[in-house]
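All remarks here apply to the structure that follows.
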Amino acid sequence: MEISASIIKELREKTGVGIMDCKAALKESNGDIEKAVEFLRKKGIATAQKRGGRTASQGQVQSYIHAGGKIGVMVEINCETDFSAKTEDFTNFTKDIAMQIAASAPIAISPEDVPEDVLKKEREIYATQARESGKPEKILEKIVEGKMAKFYSEACLLNQVFVKNPDITVKDLLNEMIAKTGKNILIRRFARYQLGETGE
């Protein structure tokens, strides 16, 4: 049976799982969303986030230099075992994340990591813009929330569209990696340097 893009999107939003896995689950369950969720749970992908409680103390630090030495990134990504950390898949994932940071210049890993003063400033700017646009008072908050979602999708690494595959976010990529390895994986921290920029 033909699986529509809208039903794939709905399943992705429910589970945080990548497009190909959603498609396979929907085919397996004849387009039934609830059965597809169940299928993914059994397969272990949709429960990737539940592995977050496990200690991830192994891993890799990778670097990436871009644009003829004008942009440099260092990133630390942790996983549960030394064995996982040494696999080619994990190394490639870590390199991809370093490249993503170089290309997309996030300011934080997730929305929870954005400093409170930055959030406050962004909200104030969007609220002022919304008020000045003359839109009705009752939809101002909705406009601000929409703009904040866009801000997160640009400023937060996990919310960004993956540069190598614009159909997925970095979070989708991370969830797929967790599901593939069956281990907790954590993007711990990063530093991005751009030639000519002054440090804080």
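Expressed to the nearest 0.5 Å, how far CD of Gln62 lies from CD of Glu76 amounts to 12.0 Å. One finds the CZ atom of Phe39 at 11.0 Å from the SG atom of Cys22 (value rounded to the nearest 0.5 Å). Rounded to the nearest 0.5 angstrom, Met74 CE and Tyr193 OH are separated by 8.0 Å. Between the CD1 atom in Ile77 and the CD1 atom in Ile185 there is a gap of 8.5 Å [rounded to 0.5 Å]. Rounding to the nearest 0.5 Å places NZ of Lys95 at 8.5 Å from CD of Glu88. Distance check: Glu154 CD to Ile107 CD1 gives 10.5 Å after rounding to the nearest 0.5 Å.
Transitive grouping of hydrophobic side chains (ILVMFWY, heavy atoms separated by less than 4.5 Å) keeps Leu186 and Leu174 in distinct clusters. Residues Val61 and Tyr64 do not share a hydrophobic cluster, defined by chaining ILVMFWY side chains whose heavy atoms lie under 4.5 Å apart. Hydrophobic clustering of Ile, Leu, Val, Met, Phe, Trp and Tyr side chains at less than 4.5 Å, counting indirect connections, keeps Val161 apart from Leu158.
Looking at Asn78, its side chain never comes within 3.5 Å of a backbone N or O of Gly59 through a donor-acceptor pair. For Asn92 (side chain) and Asp89 (main-chain N/O), no donor-acceptor pair under 3.5 Å exists by modelled atom type. The closest donor-acceptor contact from the side chain of Glu80 to the backbone of Asn184 lies under 3.5 Å.
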Quiz item: Lys121 and Asp117: salt bridge (Lys or Arg N to Asp or Glu O under 4.0 Å), yes or no, with the steps?
Solution: CA-CA 6 Å; Lys121 192 171 126 198; Asp117 58 325; over 6 Å; no
Quiz item: Going through the distances and angles, do Phe190 and Ile109 end up as a side-chain contact (heavy atoms from CB on, under 4.5 Å)?
Solution: CA-CA 8 Å; Phe190 68 85; Ile109 292 169; 3.8 Å; yes
Quiz prompt | Verdict with supporting geometry, Cys79 and Thr181, side-chain contact (heavy atoms from CB on, under 4.5 Å) | solution = CA-CA 10 Å; Cys79 57; Thr181 61; over 6 Å; no
Practice problem: Might you work through the side-chain contact (heavy atoms from CB on, under 4.5 Å) test for Glu122 and Met148, ending with a clear yes or no? | Solution: CA-CA 8 Å; Glu122 290 298 318; Met148 286 305 293; 4.1 Å; yes
Self-check item: Full working for side-chain hydrogen bond (donor to acceptor under 3.5 Å, both in side chains) between Thr87 and Ser84
Solution: CA-CA 5 Å; Thr87 62; Ser84 294; over 6 Å; no
Exercise. Determine, stepwise, if the pair Leu26 / Ile8 fulfils side-chain contact (heavy atoms from CB on, under 4.5 Å).
Key: CA-CA 8 Å; Leu26 285 161; Ile8 292 171; 3.9 Å; yes
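In this structure, the side chains of Ile139 and Ile143 come closer than 4.5 Å at one or more pairs of heavy atoms. Inter-residue side-chain proximity for Val144 and Arg123 is flagged as met; some heavy-atom pair is nearer than 4.5 Å. Proximity of Ser110 to Leu157: side-chain heavy atoms (C-beta onward) are nowhere separated by under 4.5 Å. You'll find the side chain of Ile19 stays beyond 4.5 Å of the side chain of Asn165, heavy atoms only. Between Lys164 and Asp96, the closest side-chain pair of non-hydrogen atoms falls below 4.5 Å. Side-chain contact check for Ile71 versus Ile65: every heavy-atom pair is 4.5 Å or farther apart. Looking only at side-chain heavy atoms (C-beta outward), Pro115 and Val118 come within less than 4.5 Å of each other. With contacts defined as side-chain heavy-atom distances shorter than 4.5 Å, the pair Pro106/Ile101 qualifies.
With hydrogens and angles left out, the side-chain atoms of Asp32 and Ser29 include no donor and acceptor closer than 3.5 Å. With hydrogens and angles left out, the side-chain atoms of Gln160 and Gln100 include a donor and acceptor closer than 3.5 Å. Using modelled atom types and a 3.5 Å distance limit, the side chains of Arg192 and Gln194 yield a donor-acceptor pair. No hydrogens or angles considered: nothing links the side chains of Thr94 and Thr91 as a donor-acceptor pair under 3.5 Å.
Taking all atoms of both residues into account, the shortest heavy-atom contact from Val114 to Cys156 is CG2-SG, 3.6 Å. Taking every heavy atom of both residues into account, Val75 and Ala98 meet most closely at CG1-CB, 3.8 Å. Here the shortest heavy-atom pairing between Ile168 and Arg12 reads CA-NH2, 3.7 Å. Of all heavy-atom pairs spanning Leu11 and Ala36, the tightest one is CD2-CB, 3.8 Å. In this structure, Ser133 and Ala130 approach most closely via the heavy-atom pair OG-O, 2.6 Å.
In this pair, Phe93 and Phe90 present their aromatic rings tilted. The plane angle is within the 30 to 60° band.
Residues satisfying the side-chain hydrogen bond (donor to acceptor under 3.5 Å, both in side chains) test with Lys142, not counting sequence neighbours, are none. For the salt bridge (Lys or Arg N to Asp or Glu O under 4.0 Å) test, no residue two or more places apart in sequence or in another chain qualifies with Lys35.
A salt bridge does not link Glu145 with Lys150: none of the charged nitrogens is closer than 4.0 Å to a carboxylate oxygen.
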